[in-house]
Amino acid sequence: MRESAAAPELNNPRNLFATPSNHYHQGGRSMPTDIRIENIADYVGQEVTIKGWLYNRTDKGRLQFLQVRDGTGIVQVVAFQKEVAPEVFADIGRLTQESSLIVTGIVRADERAPGVPGGYELSLTGLQIVQIAEEYPITLKEHGIEFLMEHRHLWIRSSRQWAILRIRATIIKAIRDWFDNHGFILMDTPILTPAACEGTTTLFATDYFGTPAYLSQSGQLYNEANIMAFGKVYCFGPTFRAEKSKTRRHIMEFWMVEPEMAYVDLNGCMEVGEQLVSYIVQQVLEKRGPELQLIERDTSKLERIVPPFPRISYDQAVEMINELGHDQGVSIEWGDDFGAPQETLLSEHFEKPVFVHHYPTAVKAFYMAQEPDRPETCKSVDLLAPEGYGEIIGGGERSPDIEFLEEQIRRHNLPRAAYEWYLDLRRYGSVPHSGFGLGVERTVAWICGLHHIRETIPFPRLLGRIYP
RNA sequence: AGCGAGGUAGCUCAAUUGGUAGAGUGGCCGGCUGUUAACCGGUUGGUUGUGGGUUCGAAGCCCACCCUCGCUGCCA
């Protein structure tokens with residue numbers, strides 16, 4: 001279903017730019033309708049107005065093709081010299097790349113017309129130039145990544161980046177819809193925090209009126225408090241990691257959704273994960289077909305993403321890695337956490353995301369519940385995306401046992417006082433519970449089939465880059 | 001943070017052994033009635049990252065510094 005089919009454009013005041021005196025519209029007809037390009041199929045045969053920017057222009061002499069984008073799509077506008085007013089045709093010749101303009105024309109279905117969605121074009125009847133853009137730095141030719149990152153504020157206009165960020169928005173909407181429709185309630189957790197949640201990674205420090213504070217690296221501990229009040233909750237916000245990671249999988253500021261559920265065990269946790277991830281992928285397939293086509297994503301690989309997902313134990317994963325990785329020199333010893341090569345190897349082996357559960361207790365966070373029969377393993381789970389994309393979910397069942405947690409806090413050298421409220425949760429009605437974190441940018445990278453995470457967010461914060 | 005690669009026209013890159021710094025693209029001018037990053041002709045375009053050194057001569061060789069990219073570790 002399209003969001004606003006033929007509904008009037010509520011957020012698009014008709015006379016924002018256009019005025020009768022400088023509008024080339026030929027009199028006699030009714031006023032053209034303001035539309036957005038994503039809805040163009042509903043207006044075949046009608047005269048419409050589109051407000052946007054010039055993406056590209058092909059000058060054929062007495063015939064001009066304009067590629068106009070309006071934020072919702074790209075449409076081809078066609079103008080034959082003999083069919084438009086002389087002053088309009090002269091104005092077309094002045095248009096530079098990214099000039100802002102308001103075009104009016106008759107919508108026509110034509111298979112030759114490129115664009116998003118393609119197949120429709122506008123026969124120009126009127127043109128109003130809003131601004132002639134200065135020489136635009138980003139051409140349709142190839143550019144290096146350094147140049148593009150330096151111009152990220154303009155790069156997001158390019159069709160590929162635009163499509164990726166539209167898919168990102170759909171992924172985020174799917175996440176929120178799924179939780180809202182499955183008994184979860186949104187609980188925002190603080191971004192300014194007094195101490196490390198897990199104490200294992202580097203935090204961005206800031207000053208909180210004279211006392212040190214840190215930017216949140218997870219809302220989980222607060223969510224453990226929230227579930228005792230609300231049952232099933234999720235938080236969704238930015239997360240900050242000051243690790244000096246410089247890989248295609250890392251950014252310093254990323255978005256993470258973290259569900260937490262009372263009275264749910266490790267298996268229930270995996271069930272929620274596979275239902276959520278499947279829903280996200282299917283929503284993107286349904287809502288963002290043209291964008292997926294534009295970025296040339298192989299959608300057959302996404303169509304397979306339906307429950308159930310394979311589940312293997314860490315023990316089995318270690319065996320698989322040592323078998324599969326034999327030729328490539330990839331191996332692992334029981335007790336070690338997976339590195340990038342091990343994760344890639346595993347995730348390339350499955351067509352669907354794969355759960356790996358029961359990691360060694362020693363490599364996971366202090367709050368993970370131990371497996372009673374095998375305390376050297378814990379009720380943790382990661383979800384590895386296919387095609388070599390690696391970890392997109394990390395989580396598991398939390399320990400409800402106050403004595404175990406007190407010992408873990410000591411063992412990890414965490415400041416006991418900062419966790420006193422957390423220990424309270426085990427004093428007053430402690431219950432089995434679990435949860436996980438899903439990294440939005442890694443999910444976008446996988447669904448879009450991207451080489452690097454920097455293209456999954458409008459303005460990525462990378463090691464050594466905070467501009468623009 | 002460790003290892004590796006690189007910085008030349010607005011952009012993407014080339015320049016043999018140290019010997020006149022070039023192409024494509026963009027911009028500009030002209031041509032073309034179905035282009036898909038259009039095409040064709042002409043034209044414009046340089047403090048070779050910065051500072052020092054070697055040399056008759058340095059984009060290239062030496063020293064120092066700055067910046068970027070890739071991989072790894074850490075993790076989502």
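Because only heavy atoms are used, hydrogens play no part in the values below, and waters and symmetry mates are left out as well, while side chains stay in. Letters go in sequence order (proteins before strands), and every chain restarts at 1. All of these numbers come straight from a predicted model, not from anything done at the bench.
Comparing B:rG24 with B:rU8, their C1' atoms are spaced 15 Å from each other, to the whole Å. If you take atom C1' in B:rG51 and the same atom in B:rA9, they sit 24 Å apart, rounded to whole Å. Rounded to a whole angstrom, the distance from the P atom of B:rA37 to that of B:rU43 is 28 Å. B:rU47 and B:rC39 are spaced 29 Å apart, taking the P atom of each and rounding to whole Å. Nucleotides B:rC56 and B:rU20, compared at atom C1', are 16 Å apart to the nearest Å. Comparing the same atom, P, in B:rC11 and in B:rA5 gives a spacing of 25 Å after rounding to whole Å. Atom P of B:rG19 sits at a distance of 47 Å from the matching atom of B:rU35, rounded to the whole Å. Taking atom C1' on both nucleotides, B:rU72 is separated from B:rC28 by 49 Å, rounded to a whole Å.
When heavy atoms are screened at a 4.0 angstrom cut-off, A:P114 is found touching base atoms of the nucleic acid. At a threshold of 4.0 angstrom between heavy atoms, the contacts of A:E111 with the nucleic acid are absent. Within the 4.0 angstrom heavy-atom criterion, no nucleotide atom of any strand lies near A:L438. A:H250 comes within 4.0 angstrom of a base, heavy atoms only. Contacts of A:G115 with the nucleic acid, taken as non-hydrogen atoms under 4.0 Å apart, are absent. Here A:D382 lies out of heavy-atom contact (under 4.0 Å) with every strand.
Between A:H358 and A:E371, the side chains place a donor N or O and an acceptor N or O closer than 3.5 Å (distance only, hydrogens not considered).
A:Y359 is listed as a side-chain neighbour of A:F338, based on a closest heavy-atom distance under 4.5 Å. In this structure, A:L346 and A:H349 have side chains that are not in contact, with every pair of non-hydrogen atoms separated by 4.5 Å or more. In this structure, A:Y55 and A:L140 have side chains that are in contact, with non-hydrogen atoms separated by less than 4.5 Å.
For the pair A:E391 and A:H451, both in contact range of RNA chain B, the more 5′-proximal nearest nucleotide belongs to A:H451. Looking at which nucleotide of RNA chain B each of A:G144 and A:S245 is closest to, the 5′-most match is held by A:G144.
Residue-to-nucleotide contacts include a donor-acceptor pair under 3.5 Å from the side chain of A:K141 to the base of B:rA37. The base of B:rG27 has none of its N or O atoms less than 3.5 Å from a complementary donor or acceptor on the side chain of A:E134. Applying the 3.5 Å distance criterion, the base of B:rG34 shares a donor-acceptor pair with the side chain of A:R108. A donor and an acceptor atom never sit less than 3.5 Å apart when one is taken from the side chain of A:D337 and the other from the base of B:rC75.
The side chain of A:N56 approaches B:rA37 more closely than any other nucleotide in the set B:rC75, B:rG10, B:rA37. Distance from the side chain of A:E142 is smallest to B:rA37 among B:rA37, B:rC71, B:rG73. In the set B:rU72, B:rG34, B:rC75, the nucleotide with an atom closest to the side chain of A:R442 is B:rC75. Out of B:rG27, B:rU33, B:rG34, the shortest distance to the side chain of A:K82 is found at B:rU33. Ranking B:rG26, B:rA1, B:rA76 by closeness to the A:R241 side chain, first place goes to B:rA76. Closest to the A:F65 side chain, of the nucleotides B:rC74, B:rA76, B:rG34, is B:rG34. When each of B:rU33, B:rG73, B:rC71 is scored by its nearest atom to the side-chain atoms of A:T247, the top-ranked nucleotide is B:rG73. In this structure, the nucleotide among B:rU72, B:rG34, B:rC71 sitting nearest to the side chain of A:Q76 is B:rG34.
Base pairing analysis places B:rC69 opposite B:rG4; the two distances defining the Watson-Crick or G-U wobble pair are each below 3.5 Å. Taking a pair to require two hydrogen-bonding distances under 3.5 Å in either a Watson-Crick or a G-U wobble arrangement, B:rG60 remains unpaired. With a 3.5 Å ceiling on both atom-pair distances, the Watson-Crick or G-U wobble partner of B:rC39 is B:rG31. Pairing partner, B:rU16: none, since no Watson-Crick or wobble contact has both distances short of 3.5 Å. For B:rU47, there is no paired nucleotide, since no Watson-Crick or G-U wobble pair has both relevant distances below 3.5 Å.
Counting to the nearest Å, the P atom of B:rU35 and the CZ atom of A:F80 are 11 Å from each other. Atom CZ of A:F147 and atom P of B:rG7 are 18 Å apart (whole Å). When the P atom of B:rC71 is taken as reference, atom CD of A:Q342 falls 16 Å away, rounded to whole Å. Nucleotide B:rG73 holds its C1' atom 14 Å from the CD1 atom of A:I332, rounded to whole Å. Atom CD1 of A:I392 is separated from atom P of B:rA76 by 13 Å (rounded to the nearest Å). Taking atom CG of residue A:L66 and atom P of nucleotide B:rU35, one finds them 16 Å apart after rounding to whole Å. Rounded to an integer number of Å, the gap from CG of A:D59 to P of B:rG34 is 13 Å. Put simply, CZ on A:R57 is 9 Å from P on B:rG27, counting in whole angstrom units.
The residues A:R297 and A:E291 are annotated as not salt-bridged, no charged nitrogen and carboxylate oxygen being separated by less than 4.0 angstrom.
Considering only side-chain N and O atoms, A:R249 lies nowhere under 4.0 angstrom from the phosphate OP1 or OP2 of B:rA76.
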### Task
Apply side-chain contact (heavy atoms from CB on, under 4.5 Å) to A:R442 and A:R249, showing your working.
CA-CA 7 Å; A:R442 286 189 181 176; A:R249 298 175 190 202; 3.8 Å; yes
#### Entry: CA sep, side-chain torsions, deciding dist, call: A:E121, A:R112, salt bridge (Lys or Arg N to Asp or Glu O under 4.0 Å)
CA-CA 9 Å; A:E121 63 184 20; A:R112 294 170 296 184; 5.2 Å; no
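When each of A:M149, A:E253, A:E441, A:E455 is checked for a side-chain contact (heavy atoms from CB on, under 4.5 Å) with A:P460, only A:M149 meets the rule.
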Return the polar atom pairs (N/O with N/O) between nucleotides 65-69 of chain B and the protein under 3.5 Å, or none.
unit_1 : atom_1 : unit_2 : atom_2 : d
B:rU68 : OP1    : A:G464 : O      : 2.9
B:rU68 : O2'    : A:E146 : OE1    : 3.1

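Partners of A:P458 under the side chain to side chain contact (heavy atoms under 4.5 Å, CB included) rule, at least two apart in sequence or in another chain, are A:L165, A:R168.
Ring orientation note: the planes of A:H143 and A:F147 are close to parallel, at an angle under 30° on the 30°/60° scale.
Taking the ring centroids of A:F355 and A:F436, they lie at or beyond the 6.0 Å cut-off.
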